[in-house]
Amino acid sequence: MAARTRGPAPRRAPDDAALRRGAALAAPLAHWYARHARDLPWRHDDCSPWGVLVSEVMLQQTPVVRVLPVWTTWMERWPTPADLADAGPGAAVRAWGRLGYPRRALRLVDAATAIRDHHGGEVPSDEEALRSLPGIGEYTAAAVAAFAFGQRAVVVDTNIRRVQARAVSGRALPAPSYTAAERALATALLPAGAAESVRWNISTMELGALVCTARNPACGQCPLVDPCAWVAAGSPQDDGPPRRGQAWAGTDRQARGRIVQALRDADGPLSREQVLTASGATEMQAERCLSGLLEDGLAEGDDHTGYTLPT
DNA sequence: TAAGCGTGGCA
DNA sequence: TTGCCAAGCTT
């Protein structure tokens with residue numbers, strides 16, 4: 001690409017004022033993190049890249065407190081990717097317990113298998129290689145590169161989006177979906193040095209999790225209250241479109257969850273009748289959900305053998 | 001791009 | 001109680 005020496009700035013470039021605000025955040029953030037960070041096992045120096053990867057997948061849409069016991073058991077049982085790959089999907093879905101989104105367990109097994117077969121059994125450190133693994137998207141690849149390998153990576157999760165929306169952009173909440181402008185801002189704000197960038201990423205995430213929360217942010221305890229653009233603007237309400245909550249009662253998701261729970265809790269195969277009953281749904285919906293679970297690989301079997309988790 | 005995909009806790 | 005939210009990914 002030709003060097004750009006003049007002309008208009010790129011359309012999505014963050015404005016200078018935002019970058020100046022960002023520059024004032026790193027030091028107080030790092031100081032706050034040193035005093036208030038939670039002691040989580042996947043942050044320990046002796047935690048393997050595999051342990052970090054497992055934690056990041058489990059933490060996708062699932063709170064820390066629920067992940068902690070499952071992660072601990074998981075890592076004792078399958079301390080390397082090869083251990084999980086050899087165990088297979090059924091054991092993984094069972095050990096996944098009630099973390100939710102059990103397809104994550106299947107993808108973790110697939111990722112472990114790819115690591116065993118194509119990466120010499122070692123979690124790759126390259127962000128692109130990570131991104132190509134099943135269940136590893138933009139966020140998780142960056143997080144593993146940063147937190148397991150100490151690399152400078154643009155980590156953007158829901159916490160970082162919210163902290164930067166408030167402290168830098170002066171908005172109550174980020175847009176409903178991740179935008180190119182947010183990615184550009186996070187990229188521009190990221191400190192240049194590897195160690196500094198890792199500290200920036202982890203401390204921003206932690207602040208979002210503990211202080212700059214979605215509801216009732218604890219601005220009185222926030223190290224960024226002084227430079228915060230949102231506080232400076234008077235902490236205005238969110239002016240975006242109303243957020244659409246996920247429907248739950250009566251959804252396929254609920255019925256699927258009940259079926260997988262029944263399969264997980266069963267000692268042996270369940271009959272079709274037992275599966276349909278466990279779903280709590282109408283027959284038509286239950287049939288649809290069972291078919292979906294079979295397609296997804298979260299269930300196995302037929303009317304003759306009965307139904308189980310995958311083997 | 002938007003919708004589908006679990007589960008539990010909290011206000 | 002009901003809705004919102006939680007270290008997203010996939011199609």
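Within every chain, numbering begins at 1; the chains are lettered A, B, ... in the order of the sequence lines, protein sequences first and strands thereafter. The shown structure was predicted, so the numbers you read here are calculated from the model rather than taken from an experiment.
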Positions of residues 251-266 of chain A (non-hydrogen atom under 4.0 Å from DNA chain C), listed by number: none
Pairwise ring pair (Phe, Tyr, Trp, His ring centres under 6.0 Å) hits with a residue in residues 97-121 of chain A, at least two apart: none
Side-chain donor/acceptor of A:Ser279 to backbone N/O of A:Ala281, under 3.5 Å: yes
Heavy-atom pair of closest approach, residues A:Arg104 and A:Gln60: NH1-O, 2.7 Å
Separation between the P atoms of C:dC4 and B:dA3, rounded to whole Å: 15 Å
For DNA chain B, the residues among residues 81-100 of chain A that have a non-hydrogen atom under 4.0 Å from it: A:Arg98, A:Leu99, A:Gly100
Separation between the C1' atoms of C:dT1 and B:dG8, rounded to whole Å: 16 Å
Whichever of A:Asn216 and A:Arg103 has its nearest DNA chain B nucleotide further upstream toward 5': A:Arg103
Under 4.0 Å protein heavy-atom contact, by nucleotide of nucleotides 6-11 of chain C - B base, S sugar-phosphate only: BBBSS-
Side-chain donor-acceptor pair present, A:Tyr307, A:Gln274, cut-off under 3.5 Å: no
Donor-acceptor pair, side chain of A:Trp71 and main chain of A:Leu59, under 3.5 angstrom: no
Residues A:Glu206 and A:Ser203: side-chain donor-acceptor under 3.5 angstrom: no
Pairwise C1' distance, C:dC9 and B:dG9 [rounded to whole Å]: 24 Å
A:Arg199 and A:Tyr33: side chain donor to acceptor below 3.5 Å: no
Qualifying salt bridge (charged side-chain N to carboxylate O under 4.0 Å, His left out) pairs with a residue from residues 108-133 of chain A, counting only residues at least two apart or across chains: A:Asp86-A:Arg116
Closest heavy-atom pair and its distance - A:Trp50, A:Pro79: CD1-O, 3.2 Å
Distance between C1' atoms of C:dT11 and B:dT1 (Å, rounded): 11 Å
Fellow cluster residues of A:Val231, listed by chain then number, with links counted only when side-chain atoms sit under 4.5 Å apart: A:Val225
Contact summary for A:Arg264 and A:Val93, nearest pair of heavy atoms: CD-O, 3.5 Å
A:Glu295 CD - B:dC5 P separation (whole Å): 12 Å
Rounded distance in Å - CG (A:Leu298) to P (B:dG4): 18 Å
Euclidean distance for P, C:dA7 against B:dA11 (whole angstrom): 16 Å
